[in-house]
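Scroll down for the structure; my scribbles are underneath it.
Given the structure is predicted, the values throughout are model-derived calculations rather than measurements. Keep in mind that the numbers below use all heavy atoms, side chains included, and drop hydrogens, waters and symmetry copies.
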Amino acid sequence: MIPINVAGPAVEPASPADLASTLRAEPVEEALIASLVRAARLLVEAQARLVLIEQTWRLVLDRWPRDRIVRLPLWPVIAVDLVRVHDGAGFATLPPAHAALDGASDPARLLVGPAAPDPGRPVGGIEITLRAGFGPSPADVPEPLIQAIRLLVGRWFEHRGDALHDTALPADVAALIAPHRRLRLA
């Protein structure tokens, strides 16, 4: 199951306007700063294997797992907003009583009850829409991860156009991410 981003964050964890001021950027460079902030957030999210700020995602499954526990590939999960099951004729919304979110576990899990129907088609029969992230506000995101974004934006802004041959994450940025990085087992 590959997560599909339905709606990105309403705001970025690090303010592009604040960074533009800090970097003494010209007004014409503000769009560049905003794009660098987004790119830095995406890189930090990928390195930490976390969703930093509230976003809406959709997961599509063919069928329920045998144990009826859907291990969600995103973390942290704020809420599961909608579960739809294709009944053969179209999608029907699963009543909330048929599935419960265990967001405290890592990975987060959707516990599907025995009353939840099986999909009526073999491919893409289940859609789960959820919100993931630490919260809707930059204040909800751990400060070291915001600082990692700031450092990346500053570095990229100052060295734009320069050929950077080192593809490794800068040591200071990696050190800020390390305590928050989710480990992948197996």
For this session: List the steps and the verdict of side-chain contact (heavy atoms from CB on, under 4.5 Å) for D172 and R155.
Result: CA-CA 11 Å; D172 52 351; R155 201 169 263 118; 3.1 Å; yes

Exercise. Are there more than 12 heavy atoms of other residues, nucleotides or ligands under 6.0 Å from atom CZ of R121?
Worked result: yes

Problem set entry | In one Ile/Leu/Val/Met/Phe/Trp/Tyr side-chain cluster, 4.5 Å: V80, F134 | no

Exercise. Taking the side chain as C-beta and beyond, is there a heavy-atom pair between P16 and L36 under 4.5 Å?
Worked result: no

Seminar exercise, completed: Tightest non-hydrogen contact, residues L50 and P76, listed as CD2-CD, 4.3 Å

Exercise. Does R71 have any side chain to side chain donor-acceptor pair (under 3.5 Å) partners at least two apart in sequence or in another chain, and if so, which?
Worked result: D67

Exercise. Would you find more than 12 non-hydrogen atoms of other residues, nucleotides or ligands less than 6.0 Å from R84 atom CZ?
Worked result: yes

Exercise. Same cluster or not: are I126 and L59 linked, directly or through other Ile, Leu, Val, Met, Phe, Trp or Tyr residues, by side-chain heavy atoms under 4.5 angstrom apart?
Worked result: yes

Exercise. Given the rule that I, L, V, M, F, W and Y join up when any side-chain heavy atoms are under 4.5 Å apart, are V153 and V11 in one cluster?
Worked result: yes

Exercise. So do L130 and L110 actually touch side chain to side chain, heavy atoms under 4.5 Å?
Worked result: no

Exercise. Does the side chain of E127 reach to within under 4.5 Å of the side chain of V60, using non-hydrogen atoms?
Worked result: yes

For this session: Might you point out which heavy atoms bring G135 and I53 nearest each other, and give the distance in Å?
Result: O-CG1, 3.4 Å

Exercise. Quick one: are P170 and L151 in side-chain contact, heavy atoms under 4.5 Å?
Worked result: no

For this session: With the side chain counted from C-beta on, respond yes when L169 and I177 share a heavy-atom pair under 4.5 Å apart, and no when they do not.
Result: yes

Exercise. Can you name the residues that form a side chain to side chain contact (heavy atoms under 4.5 Å, CB included) with A25, not counting sequence neighbours?
Worked result: A20, E29, I33, F157

Exercise. Is R58 salt-bridged to D81, going by a charged N under 4.0 Å from an acidic O?
Worked result: no

Problem set entry | Side chain W64, main chain P117, donor-acceptor under 3.5 Å | yes

For this session: Indicate, with yes or no, if M1 and V51 share a hydrophobic cluster defined by side-chain heavy-atom contacts under 4.5 Å among Ile, Leu, Val, Met, Phe, Trp and Tyr.
Result: yes

Exercise. So how far is it from I4 CD1 to T56 OG1, rounded to the nearest 0.5 Å?
Worked result: 13.0 Å

Problem set entry | Heavy-atom check, side chain of H98 versus side chain of V112, under 4.5 Å | no

Seminar exercise, completed: Output for pair (I149 CD1, E12 CD), nearest 0.5 Å, gives 7.0 Å

Exercise. In Å, rounded to the nearest 0.5 Å, how long is the span from CZ of R131 to CD1 of I78?
Worked result: 6.0 Å

Seminar exercise, completed: Scanning both residues in full, the closest heavy-atom pair of P73 with P3 reads CG-CG, 3.7 Å

For this session: Quick one: name the residues clustered hydrophobically with L82, using the 4.5 Å side-chain heavy-atom rule over I, L, V, M, F, W, Y, and just say none if it's on its own.
Result: none

Problem set entry | Exercise: identify the closest heavy-atom pair between A89 and D87 | N-OD1, 2.9 Å

Problem set entry | Residue among R63, R68, R66 satisfying salt bridge (charged side-chain N to carboxylate O under 4.0 Å, His left out) with D118 | R68

Exercise. Would W57 and L61 show up in the same hydrophobic cluster when neighbours are defined by side-chain heavy atoms closer than 4.5 Å?
Worked result: yes

Exercise. Run the side-chain contact (heavy atoms from CB on, under 4.5 Å) check on L101 and L72 step by step: do they pass?
Worked result: CA-CA 10 Å; L101 172 65; L72 303 172; 3.9 Å; yes

Exercise. Under 4.5 Å between any side-chain heavy atoms of V141 and R41, yes or no?
Worked result: no

Exercise. Do any N or O atoms from the side chain of R181 and from the backbone of Q47 form a donor-acceptor pair under 3.5 angstrom?
Worked result: yes

Exercise. So do D62 and P122 actually touch side chain to side chain, heavy atoms under 4.5 Å?
Worked result: no

Problem set entry | Nearest atoms (heavy-atom pairs only) where I146 meets A14 | CG2-CB, 4.1 Å

Exercise. Is the backbone of R49 close enough, under 3.5 Å, to the side chain of R182 for a donor and an acceptor to pair up by distance?
Worked result: yes

Exercise. Between H180 and P144, what is the shortest heavy-atom contact and its length?
Worked result: NE2-CG, 3.7 Å

